[in-house]
2 protein chains.
Amino acid sequence: MILSPARRLAATRAVLLPEHKPGGTRGMVLEAALKLFAERGYAGASIREIADAVGMRGASLYAHYPSKEHILAELCRIGHEEHRRSIQRALLECGADPRDQVVAYVHAHVAMHAQFTMLAVVANGELHALSSELGATTFALRNQSIQTLEDIVQRGVDHGVFHVAHVWLAAAAIGAMGMRVAYWYTPEFDLSSRQVAEVYAEFALRLLGAAAPARKETS
Amino acid sequence: MILSPARRLAATRAVLLPEHKPGGTRGMVLEAALKLFAERGYAGASIREIADAVGMRGASLYAHYPSKEHILAELCRIGHEEHRRSIQRALLECGADPRDQVVAYVHAHVAMHAQFTMLAVVANGELHALSSELGATTFALRNQSIQTLEDIVQRGVDHGVFHVAHVWLAAAAIGAMGMRVAYWYTPEFDLSSRQVAEVYAEFALRLLGAAAPARKETS
DNA sequence: GTCTATATGAAGATAGAC
DNA sequence: GTCTATCTTCATATAGAC
């Protein structure tokens, strides 16, 4: 599989769930901005292009958002909230075994990056364009999610079920392989987002030097 | 370790080897552009800012490059040439064992992303801003490097030393974890770029379901 | 090769009519 | 809420003097 290097990401549709999306025109503006920011980057997309995509004039956007940066801030916040929410939910549903927790985390992490490719590309890749004021919520969510993975790996090492000398590096590697999924995944890919998530969870366990999770042995 | 989300990458210095860098003012322009493109993105950095960093006026840049896009094209080409060169060299120095080859590849891949962080961030992350004309050489190099890793993994599976059901996914995951290194590595990190490369090579072998490379057993 | 001056257009954002 | 018209600044790039 060779990706087109001319495109920043393979996906062509901006996906925002109803729960992410404000109602009415504001939601359409947000979705149009998501697609443009994902494809061209925040700095490479203009207010007028966003407005065009919604079928209005640039000036009309300011009835919905006070600035371009506020649109980016909302997208980044939604992306990181969805990420954190799905991870927290997955962790609540699994037991205390660090292997189960890594599987749950990577499942949620990868599935999110495959299902919401554009949201992930923008929320991860355009963070640097956010001022500390408008990005505060997002930055906090991001740090929490990163710390959670590191904690899981550290606990697995402490319990003797993971075998890595450098916990932070392992967490960084696992996080990285999931993040990249957003750039190549499309619904037309051979495997579903869930299947990709399962393969990557197995990769993560292997990387950590773990055997199959305990749940497999006890069932 | 918590990264500052306000910065696109942790490194603060643009590194270009003498062999990458054109002589004279052209080289200074290229290096200044590298730093700005890495930190703000291609679209987010202006000709005037690049010129300022070199201590000249924007108009003077056009004595060295015909357009902003030509500067990006040269940076992307240099980055992918360095990447490909280091991988090819590493592969020539190792044997025919797919395990050795994965170690050689990941060593080179990760070391390059740690030593030339800004070059990697720009060459990977700003490719989408290149027209197909100016990006042709870079696109070809990139596809070659990706294909090489996939070939190594496939061969290892065929030889029975790797055990993965989805070769492309494994190659994508290994490539991804290395690419991300460019965003967090700095010379102040606890480990040297070589040490990080070695840890990641071990991660890759584990991910592939391989034992330690053959060379370890025969020495 | 670098400068000043400038062409030309596009950027983000606002004012005020409807 | 959306429009037209506009402000102001900045963008890439060129012309031509030195």
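In what follows, chains are A, B, ... by sequence order, proteins preceding strands, each numbered from 1.
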B:R180 side-chain N/O to B:W184 backbone N/O, donor-acceptor pair under 3.5 Å: no

Using a heavy-atom distance cut-off of less than 4.0 Å, which residues of residues 47-55 of chain A contact DNA chain C? A:I47, A:R48

Please report the interatomic distance NE2(A:H128) to CG(B:L9), rounded to the nearest 0.5 Å. 10.0 Å

Residues of residues 65-76 of chain B with any non-hydrogen atom less than 4.0 angstrom from an atom of DNA chain C: list those, numerically ordered, please. none

Between D:dT4, C:dG12, C:dA5, which nucleotide gets closest to the side-chain atoms of A:R57? D:dT4

With a cut-off of under 6.0 Å to the ring centre and 45° to the axis, is A:R26 in cation-pi contact with A:Y65? yes

Whole-Å distance between C:dG1 C1' and B:R26 CZ? 14 Å

Gap separating the OH atom of A:Y185 from the OG atom of A:S192, nearest 0.5 angstrom: 5.5 Å

Is any side-chain heavy atom of A:S131 less than 4.5 Å from a side-chain heavy atom of A:E69? yes

Name the orientation class of the two ring planes belonging to A:H80 and A:H83 (parallel below 30°, tilted from 30 to 60°, perpendicular beyond 60°). perpendicular

Ignoring backbone atoms, establish whether B:S60 has a side-chain N or O less than 4.0 Å from OP1 or OP2 of C:dT4. no

What residues from residues 27-44 of chain B pass a heavy-atom cutoff of under 4.0 Å to DNA chain C? none

Report yes or no: do A:D190 and B:H166 form a side-chain donor-acceptor pair below 3.5 Å? no

State whether the side chain of B:R8 and the backbone N or O of B:R40 hold a donor-acceptor pair below 3.5 Å, judged by distance alone. no

Do the side-chain N and O atoms of B:N143 and B:Q147 include a donor-acceptor pair separated by under 3.5 angstrom? no

Identify which nucleotide among C:dG1, D:dT14, D:dT2 has an atom closest to any side-chain atom of A:H64, counting heavy atoms from C-beta outward. D:dT2

Counting heavy atoms from C-beta on, name the nucleotide in C:dT4, C:dT2, D:dT2 closest to the side chain of B:M56. C:dT2

The side chain of B:A59 lies closest to which of these nucleotides: D:dT14, D:dT2, C:dT14? D:dT14

Round to the nearest Å and state the distance from A:Y62 atom OH to C:dG12 atom P. 6 Å

SB check B:R85 B:E82 (cutoff 4.0 Å): yes

I'd like to know if the side chain of A:R206 reaches the main chain of B:A204, judged simply by a donor and an acceptor atom lying under 3.5 Å from each other, with no hydrogens or angles considered. no

Is any side-chain nitrogen or oxygen of B:S46 closer than 4.0 Å to OP1 or OP2 of D:dA11? yes

